[in-house]
Undergrad: 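Please see the structure below; I have some questions.
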Amino acid sequence: MEWYDQLLQYLITGITTGAVYALVALGFSIIYNSTEIINFAQGEFVMLGSMIAVSLFPLLGVPLWVAVILAVAITALIGLIFERLAIRPVRNGSVINLIIITIGGSILLKGIAVLIWGKESRSLPAFTSTEPIKFFGATLSGQSLWVMAGTLLAVILLHYFYEKTITGKALRACAFNRKAARLCGISVERMVLFSFGLSALLGAFAGVLITPITYTAWDAGTMLGLKGFCAAILGGIGSNPGAVMGGLVIGIVESLSAGYLSSGYKDAFAFLILLLMLYLRPAGILKKKLEKV
Amino acid sequence: MLRLDEIAKSFGGLKALDQVGFQVQPGEILGLIGPNGAGKTTLFNVISGILHPDSGKVFFREQNITGLATHQIAKLGLCRTFQNPAIFEEMTVLENLMAGYHLQGRSGFFSAILKPPWERKEERSIRERAMEMLSEIGLKGSAQAGAGSLSFGKMRMLELGRALCSHPELLLLDEPAAGLNHNETEELAEYIGRLRSRKITIIVIEHDMSLVMDLSDRIVVLDQGRKIAEGAPKEIQRDPAVLKAYLGEEDWIKSLRR
Amino acid sequence: MKKLALTAVLTVLVGLVAISVANTAEQAKETYKIGVVLDITGPASSLGEPEKQTLGMLAEELNAKGGINGHLIEMILYDNEGDEAKSLIKAKKLIEQDKVLALIGTSQSGTTMAIVPTVTAAQIPLVSCAASWKIIRDPETKKTREWVFKTPQSDSLAVTKIFDYLQKKGVKKIAIMSVSTGYGDSGRAELQRLAPNYKFEIVADERFAPTDTDMSAQLTKIKGSGAEAVICWAIRDPSAVVAKNMKQLGMKQMLIMSHGVATKKFIELAGDASEGIILPAGKLIVADLLPATDPQKKVLIDYRNKFEAKYKTPVSTFGGHAYDAFTMLTDAIKKAGPDQKKIRDELEKVKGFPGTGGIFNMGPDDHEGLTKDAFMMVTIKNGNWELVK
Amino acid sequence: MKRDWGIWLLLCAVVFGMPLFIRSPYYYSILIFIAIYGIVVLGLTLLMGYAGQVSLGHAGFFGLGAYFSAILTVHLHLNPWPAMGIALIATVLVAFILGIPTLRLRGHYLAIATLGLGVVLQIIFKEELELTGGPSGMGGIPYFHLSSITFSNDRKYYFLCWIFLIILYGLSINLVHSRIGRALRSISQNQTAAGSLGINVSWFKLLMFGLSAGYASLAGSLYAHYLTFVNPSPFGFMASVKFMAMVVIGGSSSLWGALLGTALLTSLPEFLAVLEDYEMLVFGAILILVMMFAPKGLAGIFSWIYQTIRNKVKKQDAPAG
């Protein structure tokens with residue numbers, strides 16, 4: 001394998017994982033925008049999405065795409081319920097309180113998953129053929145194409161949603177200035193609820209996309225959640241394009257450092273990049289400056 | 001005492017301060033007025049180091065303090081109060097004042113955890129001085145009360161008292177009379193007047209025109225981030241630029257004319 | 001207030017009565033207590049769960065038969081949640097509070113290591129279900145630990161089996177993929193230690209975290225390294241990802257896995273990427289394929305049928321480790337009676353015992369009792385196990 | 001202040017009285033872990049409750065203490081006492097170096113930065129095989145000894161750990177009721193106002209970060225010399241979360257509340273062993289419910305009860321007096 005083929009392969013790998021991180025990061029970003037809450041249960045939405053898909057698919061015997069859509073929808077619903085039960089009552093709590101509530105929520109969701117599905121890992125079949133596809137000197141699987149395409153689609157739809165629909169504009173207004181949004185007759189409560197549903201949906205979507213490549217289990221969401229959080233911060237929390245960029249950067253950094261530096265320290269590199277960035281540019285890649293008020 | 005050179009600060013595209021410059025003489029009380037959104041509080045934030053200006057310089061006793069951190073500026077003898085009294089609500093009234101004596105204390109980390117006799121002595125003396133300050137601002141009765149349980153007017157007095165604990169040479173007061181009733185305002189005015197005799201220089205932002213006209217030696221007027229007038233209270237009341245700035249705010253004009 | 005006090009007094013009285021009633025209902029013969037600490041929840045739950053199920057089944061069965069020499073056994077089982085501190089607390093509770101005769105557990109090397117000093121000081125026999133040789137031998141002094149035994153086959157045996165096979169196939173260059181857990185680490189150390197004996201060249205030595213979802217980068221590096229065989233040393237789940245990634249990358253190298261993946265579940269997780277993988281495995285998963293003359297065959301099929309009938313889930317080697325631990329320990333108690341020193345001596349005297357993990361021959365200097373013959377080389381074909389000829 | 005020292009005295013009495021009632025090393029070992037975790041949580045309370053900073057990486061400092069102690073005693077054959085001291089200094093130094101840039105950050109940024117620190121530290125424990133023994137850990141760590149006493153049995157170790165805790169608790173009480181304590185509390189309530197009083201906000205934050213890391217390091221050393229074995233798994237993200245949960249459930253702005261939280265979360269699972277699969281569910285639910293209904297934790301509930309009773313008593317007394 002020539003060096004450039006190898007590099008290409010690392011990049012493909014990095015982009016595939018990075019795309020998943022990006023979806024999770026988008027979830028963080030959406031919730032942060034409307035509430036300034038970091039939702040530590042975001043990773044669990046990923047897990048729930050794939051778990052539900054896995055149990056719908058072979059158990060009910062529905063076609064794969066039906067299972068995927070249902071799983072994403074059900075997880076979005078869970079996101080809504082989570083907001084109503086755990087977040088709304090304490091909306092105005094301190095940062096520490098909210099962090100702990102969402103951590104509590106993540107543990108709770110994991111506990112529920114163990115009760116329903118047990119501790120065994122499960123997997124989904126690939127959406128389409130599993131034969132590797134040649135791409136210049138590198139190879140990629142059908143499923144990683146699905147991951148990349150799915151992420152791209154989600155980003156485009158999200159962009160369209162934010163720019164063109166009333167609800168999307170209302171969400172943006174909330175992110176910009178909650179008080180002003182309320183004065184304009186936007187129900188901030190509804191928007192917060194909606195943003196939890198939306199980010200649960202994105203998380204679940206990430207989950208079903210990646211499960212055929214890996215596997216899923218009750219605790220599979222935690223690390224993905226942390227990486228997604230990193231990505232969201234790296235891109236500048238609250239910025240959607242930033243979240244996508246952050247995800248891709250972390251994916252590629254991981255893959256390159258595993259390839260060229262040390263595979264054992266791969267995760268450490270991802271976090272070190274983040275720390276370095278926080279020191280040098282605390283507002284993230286895409287945000288200009290952190291205003292102190 | 002204080003000199004501002006061409007201070008500019010903008011948020012996004014909005015120019016909050018645009019080339020503002022003036023001087024404050026030692027022992028003087030300077031009134032800072034202007035319509036809402038004129039940039040008065042932003043200017044205070046720049047002087048006290050909470051915000052850093054985009055351009056321009058701040059000199060305090062001929063020393064350039066632009067870009068210094070808040071606590072460094074405070075250490076030089078510049079202290080301030082806030083529009084919404086920034087008292088520590090979960091501490092007692094006495095503790096609030098004792099926190100005000102922070103710069104007066106010497107005790108560091110090791111003496112704090114080991115409590116040698118000299119540290120105890122220092123604590124006692126700070127406590128005594130805080131009690132004195134309490135009676136000075138008329139809060140002696142509520143020393144052990146939670147600061148959050150005070151009435152709004154008393155919170156203002158507490159904040160003012162706390163600012164004085166560090167023996168500032170220059171004191172910035174951000175709307176000290178806002179939210180006070182008539183009696184409280186009078187008490188406050190009288191107290192600020194007494195500070196003058198202690199040679200404390202004061203800059204005060206105030207919307208209560210009669211108060212600010214009575215107290216101030218000189219007045220600076222800001223409008224939309226720019227200084228539009230500077231001078232003695234009498235001159236300001238007749239300044240056409242000032243009247244224009246306040247146009248449409250009938251009450252203000254009335255109070256200016258009074 | 002008075003009401004409250006009255007209620008309290010009444011509650012205490014009722015409690016006391018209940019306790020004394022319970023005490024009068026004593027059995028004719030004193031029960032034998034066996035303490036168990038397993039990693040039932042937490043990161044190693046896929047090991048602890050089948051172990052717990054197996055022990056529950058065996059204890060029930062033994063008591064139904066009348067126990068050991070007429071003494072019923074009482075199995076006291078605690079979960080350490082995969083946490084070393086909890087492991088130690090539970091072991092102390094079993095030893096001091098519950099006064100058990102002997103201990104079984106834990107599921108992982110780390111959690112076992114945390115209780116080794118305690119059982120040694122308390123002089124209680126411990127049969128561990130974790131694999132590392134450090135459990136039974138002090139890595140500093142190389143002395144066998146007097147009170148500790150283990151049932152899983154040591155990694156060195158699996159490595160030897162793999163290397164024998166690779167040598168036969170004429171492989172010269174190998175690549176290692178290991179997971180950064182205790183299991184992956186000790187396998188890696190054995191691979192590195194034994195490779196020179198076989199004149200193998202290790203051309204790549206990559207690691208990954210157990211939570212990783214993609215190992216393509218490491219495999220890409222291996223792809224370019226000229227390795228003829230990839231040896232992946234990891235527990236089941238991440239190993240499945242390695243298999244899938246290798247397939248995605250179109251790698252044609254021989255893929256060898258460790259015995260840690262020897263469960264049906266692995267084939268399910270890896271899907272068709274598992275085809276052609278070769279691994280050393282205990283005989284449990286290929287029991288049906290064994291010749292009738294194999295002394296283990298009956299034990300294996302027996303255990304598998306009973307387990308699968310009771311729990312409706314496939315057996316795993318981990319449950320098998322618990323099976324061996326329980327059977328050897330209860331046999332020893334049967335011979336020794338309720339005397340910890342004698343039980344220990346009996347465990348050391350086990351000879352020719354056919355367990356699920358192999359034929360055990362313990363000795364004063366061998367608290368594992370297995371040889372490389374405990375393993376068979378198997379491969380996966382059409383979603384099922386097959387013996388490698 | 002008087003109340004704090006009262007609780008401290010009560011704690012001393014309980015600690016030294018306890019051995020009259022318990023015999024079993026099992027109970028001692030639970031109490032030992034309560035003391036060890038209690039020391040970490042005490043430091044974390046000073047950081048979170050008094051300086052208002054979040055840390056999701058404290059298990060990393062706990063691990064640093066444990067590993068420094070282990071490495072110094074096993075590889076360099078140092079006596080455990082100086083090893084513990086060196087571990088303390090080294091960990092505080094690491095915390096200072098890492099803290100300088102980190103503590104400029106606020107809120108969520110600080111949370112992720114400390115989380116990242118914790119993750120990186122755990123990876124180092126896993127990957128530096130030569131030094132740390134890697135994921136399988138390192139054993140053979142010696143016990144503490146003092147002339148002829150070896151702290152190998154649970155009863156002796158119990159006294160050792162609790163004496164450490166009592167001393168650190170006492171020092172913390174002093175700290176809280178001092179010029180620095182006031183500065184810290186004012187920072188946690190209003191950073192800007194604190195700064196305008198001349199309080200060097202970032203320095204005090206850094207000081208607390210270093211101090212709490214130091215507490216964690218001491219606890220880590222005590223952990224290592226008790227288990228005589230360390231591996232990376234107890235020093236991960238979930239451990240940091242548990243420490244934080246102990247702080248919060250106990251009540252983050254009260255030192256004794258933190259100890260209460262530690263005792264509860266460490267011992268409760270022992271008595272609720274039946275929970276097993278439900279444990280995570282219950283733990284998660286408790287965290288959410290406490291934050292919703294008692295954001296000041298157990299300490300808040302107790303203070304409330306205390307106040308209510310006192311008010312009632314006062315009312316009853318009033319007509320008579």
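Every chain is numbered from 1, with letters handed out A, B, ... down the list of sequences.
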Undergrad: With chain D as the partner, which of C:K86, C:K92, C:R207 has the greatest number of non-hydrogen pairs under 4.5 Å?
TA: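 If we count pairs closer than 4.5 Å to chain D, C:K92 comes out on top.
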Undergrad: Rounded at 0.5 Å granularity, tell me how far NZ in C:K90 sits from OG in D:S29.
TA: 9.5 Å
Undergrad: Answer yes or no: are there more than 12 heavy-atom neighbours, outside D:Q307 itself, under 6.0 Å from its atom CD?
TA: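 Yes, enclosed.
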Undergrad: Mind checking the CE-CG spacing from D:M238 to C:D83? Nearest 0.5 Å is all I need.
TA: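 Between D:M238 CE and C:D83 CG, I get 11.0 Å after rounding to 0.5 Å.
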Undergrad: Taking every heavy-atom pair that is under 4.5 Å apart, which of C:A209, C:G110, C:A85, C:S186 has the most such pairs with chain D?
TA: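 Top option by heavy-atom pairs under 4.5 Å: C:A85.
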Undergrad: So which of C:T181, C:I95, C:V179, C:L94 has the largest heavy-atom pair count under 4.5 angstrom toward chain D?
TA: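 Of the candidates given, the most pairs with chain D belong to C:T181.
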Undergrad: Given a strict heavy-atom distance threshold of 4.5 Å, which part of C:E81 is in contact with chain D: side chain, backbone, both, or neither?
TA: side chain
Undergrad: Crowded around D:W81 CH2? As in, over 12 foreign heavy atoms under 6.0 Å?
TA: yes
Undergrad: What are the two closest heavy atoms between D:P135 and C:G182, and how far apart are they?
TA: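 Closest pair (atom of D:P135, atom of C:G182, distance): CB-N, 3.3 Å.
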Undergrad: For chain C, which of D:S24, D:G134, D:P25 has the most heavy-atom pairs under 4.5 Å?
TA: D:P25
Undergrad: Please state whether the side chain, the backbone, both or neither of D:Y28 comes within less than 4.5 Å of a heavy atom of chain C.
TA: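 For D:Y28, neither part sits under 4.5 Å from chain C.
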Undergrad: Are side-chain heavy atoms of D:Y226 and C:L88 found at a separation under 4.5 Å?
TA: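 Yes. Closest side-chain heavy atoms under 4.5 Å.
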Undergrad: Can you say whether C:S180 sits under 4.5 Å from chain D via the side chain, the backbone, both, or neither, judging by heavy atoms?
TA: both
Undergrad: Contact between D:N231 and C:M113 at the side-chain level, heavy atoms closer than 4.5 Å - yes or no?
TA: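 Sidechains of C:M113 and D:N231: no contact.
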Undergrad: Is it the case that more than 12 heavy atoms not belonging to C:Y311 sit under 6.0 Å from its OH atom?
TA: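 Count over threshold, so yes.
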Undergrad: Set out, in order, the CA-CA distance, both residues' side-chain angles and the distance that settles side chain to side chain donor-acceptor pair (under 3.5 Å) for C:E96 and D:Y27, then state yes or no.
TA: CA-CA 9 Å; C:E96 308 293 340; D:Y27 289 119; over 6 Å; no
Undergrad: Below 4.5 Å from any heavy atom of chain C, which atoms of D:D154 appear? Answer side chain, backbone, both or neither.
TA: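 Looking at D:D154, just its side chain touches chain C.
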Undergrad: For a quick test of reading the model, state the closest non-hydrogen atom pair linking C:G82 to D:S233 and the distance between them.
TA: O-OG, 4.5 Å
Undergrad: So which of D:L129, D:T228, D:V230, D:I30 has the largest heavy-atom pair count under 4.5 angstrom toward chain C?
TA: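 The residue among D:L129, D:T228, D:V230, D:I30 with the greatest pair count is D:L129.
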Undergrad: Measure the shortest side-chain to side-chain distance between D:Y223 and C:E84 over non-hydrogen atoms and say whether it is less than 4.5 angstrom.
TA: yes
Undergrad: Counting only heavy atoms closer than 4.5 Å, note whether D:F229 contacts chain C via side chain, backbone, both or neither.
TA: side chain
